Amino acid sequence: MKNINYISTRGNTNPVSSAQAIKQGLADDGGLFMPEAIPSLTEKDFDVLKKASYPERAAYVMSKFLTDYTYEELLADCKESYSEARFPGGAAPLTNVGNLRLLELWHGPTCAFKDMALQVMPRLLSRALVKTGEKRTAFILVATSGDTGKAALEGYKDVDGIKIMVFYPVDGVSKVQKLQMATQEGNNVTVCAIKGNFDDAQNGVKKIFGNAETAELLNKNDHFFSSANSINWGRLVPQIVYYISSYCDMVNAGDINEGDEVNICVPTGNFGNIFAAYIAKMMGLPVNRFICASNCNNILTDFISTGTYDRNRAFHTTMSPSMDILISSNLERLLYVIAGQEKTASYMKELNTKGVYTVENEVKEKISSNFSGYFCGEEDTAKTIKETFDNYNYLIDTHTAVAVKCANEYMKDTGDNRKIIVASTASPYKFASNVYTSLTGESLENEFDALKATEKLSGTNIPTPLATLESKAVRFTTVINPDDMTKEVLKTIGI
Ligand SMILES: *Cc1c(COP(=O)(O)O)cnc(C)c1O
């Protein structure tokens with residue numbers, strides 16, 4: 001197989017191996033890593049994939065990108081990551097809702113789609129340390145507004161050669177999310193709350209990453225910092241798999257004929273998940289259109305229709321918090337593919353200095369020939385949860401509801417009746433109080449009451465990881481000032 005190296009979206013860095021790209025996270029010039037070439041899927045590949053299990057499909061697709069890993073290594077990692085024990089409801093099953101095919105990506109240990117990447121990525125990093133001759137311990141530092149922190153902790157717990165520390169805003173996450181993190185098991189994990197909001201946590205982590213003195217101190221003590229953030233290529237590549245896998249499942253079920261085009265709709269925040277779908281198309285998956293679904297933080301909807309990305313706007317807190325984002329980092333990868341390195345570097349410079357950039361007409365046209373942008377407000381999100389339940393007896397979470405509404409709008413606007421694969425990104429139980437209120441109009445103070453009430457109302461079961469949460473021992477209670485984050489990191493390492 002052809003060897004694939006990784007280059008920066010912004011310019012002049014030397015190509016590195018996939019293992020190095022995963023270990024490093026970000027390119028030296030601040031850009032994101034992209035493969036030098038996108039491998040393609042032939043008819044023969046599809047024949048193999050159609051007959052394969054999910055772990056086999058994952059290893060097969062990933063081996064085309066991660067060319068310094070053997071297929072056998074990847075297969076072993078994928079078999080463990082996507083096992084029945086870790087994904088009791090299946091890794092990426094489809095449920096039909098009218099013309100929509102809901103791709104359920106939330107059957108993993110933390111009940112959100114981040115598990116799809118964060119279960120396998122720690123294994124990739126672990127191998128990367130060996131492949132690059134790294135002797136030091138990787139210290140993963142994460143700032144989270146909820147879902148990423150827990151998924152990273154579950155993925156990295158007890159992985160050899162790696163430690164992980166997560167910071168979250170003490171009043172900025174839900175009660176369930178807080179408990180999920182405070183009760184985390186594992187010998188190499190630390191969780192710490194900070195007095196402040198998510199930006200304080202994120203800025204604190206960025207400062208620590210950027211501090212040369214701290215880096216040298218770690219180095220002397222045989223540690224180095226690494227990141228589990230969604231800009232890491234190791235998080236993106238496992239996400240390409242499930243779009244290809246769902247297409248194979250639809251062909252196998254006789255839902256479509258091989259070669260038929262589908263549309264794909266993704267509830268979008270950082271643009272990682274939808275960009276993975278776009279790469280699947282670049283590889284040869286027959287996709288007509290990508291529907292980029294946003295909540296009322298609709299900066300991407302505006303960008304797709306006007307060509308101007310402007311982050312100088314109000315930030316809204318919504319019931320789909322994982323999409324409350326004004327800087328969609330992975331959009332940089334799409335800009336690179338469409339406009340090239342030089343233009344991407346200049347857009348990103350403008351974004352950093354002025355908070356706004358405008359792409360040329362030709363770039364805008366190329367984007368809108370593949371992407372349609374839609375958004376869905378709070379009221380419509382609640383209404384969509386209720387209508388989907390009433391009409392199909394099927395419960396969706398707040399993020400998925402945004403996508404379902406946008407997919408329906410798209411069909412209404414265009415008359416395009418191709419089947420739409422909709423990424424269903426979280427279990428409805430993960431956002432139970434909002435889901436329950438959407439269904440009944442009543443609000444419940446206590447999240448655990450909401451879980452039980454939703455279970456009773458829907459006739460489905462609370463996923464085990466959430467059902468057992470209330471009775472788990474709390475391990476982490478530390479709350480610190482953002483100024484003390486470095487001190488806390490050093491203390492954790494034992495420096
Ligand atoms: C992270 C997340 C998203 C957004 O995904 P991106 O890859 O950041 O666009 C959507 N829904 C849920 C539930 C998430 O956790």
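In listed order, ligands and their atoms are each counted from 1. Predicted, not measured: the structure shown is a model, and the values here were computed from it.
With respect to atom 4 (C) of ligand 1, the closest heavy atom belonging to the protein is Gly269 N, 3.6 Å. Closest to atom 3 (C) of ligand 1, if we only count protein heavy atoms, is Phe113 CE2, 3.6 Å. At the shortest separation from atom 2 (C) of ligand 1 among protein heavy atoms lies Lys114 NZ, 2.5 Å. Taking atom 6 (P) of ligand 1 as the reference point, the nearest protein heavy-atom neighbour is Asn270 N, 3.5 Å.
In this structure, Pro267 is part of the shell of residues with a heavy atom less than 4.0 angstrom from ligand 1.
By the criterion of a heavy-atom distance under 4.0 Å, the backbone of Phe271, and not its side chain, is placed next to ligand 1. Residue contacts with ligand 1 for Lys430 are absent, since no atom lies close enough (heavy atoms, distance under 4.0 Å).
Salt-bridge formation is not detected for the pair Lys175/Glu447: no Lys NZ or Arg NE/NH1/NH2 atom is positioned less than 4.0 Å from an Asp or Glu carboxylate oxygen. Salt bridge Lys405/Glu409: present, at least one basic N to carboxylate O contact under 4.0 Å. The pair Glu332-Arg10 meets the salt-bridge criterion, with a side-chain N (NZ, NE, NH1 or NH2) lying under 4.0 Å from an Asp/Glu carboxylate O. Under a 4.0 Å N-O distance rule, the pair Asp302/Arg313 qualifies as a salt bridge.
With ligand atoms numbered from 1 in the order given, ligand 1 contributes 10 (C), 11 (N), 12 (C), 13 (C) to contacts under 4.0 Å with heavy atoms of Thr425. The contact set between ligand 1 and Asp147, taken as ligand atoms under 4.0 Å from a residue heavy atom, comprises 13 (C), 15 (O). Listed by atom number, the atoms of ligand 1 under 4.0 Å from Ala426 heavy atoms are 13 (C). For ligand 1, the atoms closer than 4.0 angstrom to any heavy atom of Gly272 are 6 (P), 7 (O), 9 (O). Within the listing of ligand 1, atoms 7 (O) sit less than 4.0 angstrom from a heavy atom of Asn273. Per-residue contacts place Thr268 under 4.0 angstrom from the following atoms of ligand 1 (heavy atoms of the residue considered): 9 (O).
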Candidate pair Tyr357 and Tyr347, rule ring-ring contact (aromatic ring centres under 6.0 Å, His included), full reasoning:
CA-CA 6 Å; Tyr357 62 86; Tyr347 301 148; 5.3 Å; yes
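Checked options Thr400, Asn295, Thr381, Thr398; the residue passing with Ser320 is Asn295 (criterion: side-chain hydrogen bond (donor to acceptor under 3.5 Å, both in side chains)).
Side-chain contact of Asn330 with Arg333: a donor-acceptor pair under 3.5 Å is present, judged by distance alone. A donor-acceptor contact closer than 3.5 angstrom is absent between the side chains of Glu154 and Gln119.
Sequence neighbours left out, not one pair with a member in residues 99-128 passes ring-ring contact (aromatic ring centres under 6.0 Å, His included).
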